[in-house]
There are 2 protein chains.
Amino acid sequence: MGIVMNIGQAADASGVSAKMIRHYESIGLVPQADRRDSGYRDYDPEDVHRLSFVRRARDLGFPLERIRVLLGLWGDPTRSSAEVKALALTHIEELEEKARHLQEMADVLRGLADACDGDGRPHCPIIEGLEAGSVPASSPSGERPISRSSSTSLPSRRSPSPGRR
Amino acid sequence: MGIVMNIGQAADASGVSAKMIRHYESIGLVPQADRRDSGYRDYDPEDVHRLSFVRRARDLGFPLERIRVLLGLWGDPTRSSAEVKALALTHIEELEEKARHLQEMADVLRGLADACDGDGRPHCPIIEGLEAGSVPASSPSGERPISRSSSTSLPSRRSPSPGRR
DNA sequence: GGTTGACCTTCCCATGATGGGAAGGCGCAC
DNA sequence: GTGCGCCTTCCCATCATGGGAAGGTCAACC
């Protein structure tokens with residue numbers, strides 16, 4: 001009969017919403033909570049501790065599947081810190097890759113915006129850049145590796161003789 | 001009888017997948033394509049030009065709803081470049097905010113990883129950081145503004161008398 | 001004891017942008 | 001006239017999260 005909480009209290013104590021706690025349970029990220037006779041879930045401090053762990057990992061951007069692994073390492077007394085570190089370094093790489101990608105997009109757009117007068121006239125290098133620009137875009141994780149030329153010109157595929165139909 | 005393409009050719013020429021072209025049409029981002037008697041969609045160079053515009057905007061990270069606005073400005077001869085610029089600057093802010101958020105997560109994690117030996121022993125500051133760390137996390141767009149104390153200790157809500165049940 | 005309001009339960013749906021895949025029809029080249 | 005590659009629509013999946021409905025529970029207060 002230690003400290004026992006319902007899901008709302010566990011949510012407040014862990015920083016994970018009740019909705020998410022149920023979800024994590026449903027996908028097996030955290031073990032199924034005990035139930036009272038009424039059907040209410042019960043949480044003890046250990047459960048809350050685990051939920052807090054998950055929340056902090058989420059705050060650091062770890063995807064749930066990686067958190068699943070982290071939880072396994074957390075509870076494994078025979079783990080090697082090398083495993084944890086490798087996981088963390090992989091994640092850092094991904095975070096920085098995404099950050100770089102976003103910043104690069106911002107930089108390209110900034111270049112266009114700097115060239116734009118921003119007055120009442122319609123002429124606008126930003127629109128023109130979108131119309132005809134090449135937008136290099138380094139492939140950060142899921143990009144289109146297709147190197148087209150300038151579009152709106154020569155169709156590439158399937159047109160040996162123009163004027164079908 | 002100008003140059004007319006089916007969706008696959010338009011996809012190749014614009015860099016937008018056929019799947020996405022259909023989707024953009026279904027949500028009204030681009031006008032409904034003409035149809036042949038067979039039901040096949042037909043695209044002319046102007047359509048492809050518009051799709052290329054959308055693709056470049058996507059490459060710069062614009063969400064579809066913003067692209068909808070951009071397309072409107074694009075086709076509006078009475079637009080002011082100020083409108084376009086404002087939209088672009090707003091977007092740049094968002095991109096940089098997200099980039100900062102990701103980089104900050106990476107930095108925090110790097111700090112933990114640097115303190116980790118990464119050897120065969122279980123001791124690991126990374127795990128410890130997740131267990132008890134505070135993970136400040138500046139709120140970039142959707143954060144939890146709840147400032148809890150240290151978790152796993154005092155439940156905050158609803159427990160005037162401990163030991164219910 | 002009864003009522004009330006805050007809580008809990010499950011279930012379904014939505015987000016944003018994209019892809020996968022099935023089932024069936026079309027087009028053209030050999 | 002057959003076959004292959006394209007097209008059509010429709011449904012489902014991703015990833016993490018939230019909203020909301022319909023109905024049951026708990027505890028406090030009168």
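In what follows, every chain begins at residue 1, and chains take the letters A, B, ... in the order their sequences are listed.
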Starting at atom [atom1] of [X], determine the distance to atom [atom2] of [N], rounded to an integer number of angstrom.
{"X": "L29(A)", "N": "dA16(D)", "atom1": "CG", "atom2": "P", "result": "10 Å"}
{"X": "Q32(A)", "N": "dT9(C)", "atom1": "CD", "atom2": "P", "result": "13 Å"}
{"X": "N6(A)", "N": "dG5(C)", "atom1": "CG", "atom2": "C1'", "result": "15 Å"}
{"X": "E25(A)", "N": "dA16(D)", "atom1": "CD", "atom2": "C1'", "result": "17 Å"}
{"X": "K98(B)", "N": "dG16(C)", "atom1": "NZ", "atom2": "C1'", "result": "10 Å"}
{"X": "I27(B)", "N": "dA14(C)", "atom1": "CD1", "atom2": "P", "result": "15 Å"}
{"X": "R22(A)", "N": "dC7(C)", "atom1": "CZ", "atom2": "C1'", "result": "10 Å"}
{"X": "R35(B)", "N": "dC26(C)", "atom1": "CZ", "atom2": "P", "result": "13 Å"}

Could I get a table of every N or O pair under 3.5 Å where one atom is in the protein and the other is in nucleotides 18-21 of chain D?
from	atom 1	to	atom 2	distance (Å)
dG18(D)	OP2	S17(A)	OG	3.1
dG19(D)	N7	K19(A)	NZ	3.0
dG19(D)	O6	K19(A)	NZ	3.0
dG20(D)	N7	K19(A)	NZ	3.4
dG20(D)	O6	K19(A)	NZ	2.4

Got a second to check how far L130(B)'s CG is from L109(B)'s CG, nearest 0.5 Å?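 That separation rounds to 7.5 Å.
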
For [X], give me all partners under side chain to side chain donor-acceptor pair (under 3.5 Å), at least two apart in sequence or on another chain.
{"X": "D119(A)", "result": "R121(A), S81(B)"}
{"X": "R22(B)", "result": "none"}
{"X": "D117(B)", "result": "none"}
{"X": "E65(B)", "result": "R68(B)"}

Can you list, by residue number, the residues of residues 62-75 of chain B that have a non-hydrogen atom closer than 4.0 angstrom to DNA chain D?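 Contacts with DNA chain D under 4.0 Å: none.
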
Of the listed nucleotides (dC7(D), dT10(C), dT18(C)), which one gets closest to any side-chain atom of R58(B)? dT18(C)

Looking at five pairs on each end of the helix from dG1(C)-dC30(D) to dC30(C)-dG1(D), what is the angle between the two axes, given to 10 degrees? 20°

Got a sec, which pairs hit ring-ring contact (aromatic ring centres under 6.0 Å, His included) with one end in residues 14-40 of chain B, sequence neighbours left out?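 Every pair satisfying ring-ring contact (aromatic ring centres under 6.0 Å, His included) with a residue in residues 14-40 of chain B: there are none.
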
Sorted by first residue and then second, give each ring-ring contact (aromatic ring centres under 6.0 Å, His included) pair with at least one member in residues 75-99 of chain B; sequence neighbours left out.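 Those involving residues 75-99 of chain B are F62(B)-H91(B).
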
Passing candidate, side chain to side chain contact (heavy atoms under 4.5 Å, CB included) with Y43(B), options I21(B), I3(B), V4(B):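 Of the listed residues I21(B), I3(B), V4(B), the side chain to side chain contact (heavy atoms under 4.5 Å, CB included) partner of Y43(B) is I21(B).
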
Residue list, salt bridge (charged side-chain N to carboxylate O under 4.0 Å, His left out) with R41(A), at least two apart or on another chain: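 R41(A) satisfies salt bridge (charged side-chain N to carboxylate O under 4.0 Å, His left out) with E25(A) only.
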
Taking salt bridge (charged side-chain N to carboxylate O under 4.0 Å, His left out) as the definition, give me every residue that meets it alongside E83(B), ordered by chain and number, with sequence neighbours left out. none

Give a yes/no on whether any side-chain N or O of Y24(B) is located under 4.0 angstrom from OP1 or OP2 of dT18(C). yes

Counting just side-chain N and O atoms, does R36(A) come under 4.0 Å of either OP1 or OP2 of dT25(D)?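 R36(A) to dT25(D) OP1/OP2: no side-chain N or O under 4.0 Å.
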
Whether W74(B) and H49(B) hold their rings parallel, tilted or perpendicular, with breakpoints at 30° and 60°: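 Geometry flag for H49(B) against W74(B): perpendicular rings.
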
Only counting residues at least two apart or in another chain, list the ones meeting side chain to side chain contact (heavy atoms under 4.5 Å, CB included) with A99(A). L102(B), Q103(B)

Students often get this wrong, so: under 4.0 angstrom with heavy atoms, is R41(B) touching a base, only sugar-phosphate, or nothing? sugar-phosphate

Take Y40(A) and S38(B), find for each the nucleotide of DNA chain C with the closest heavy atom, and name the residue whose nucleotide sits nearer the 5' end.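 Per heavy-atom nearest nucleotide, the more 5' residue is Y40(A).
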
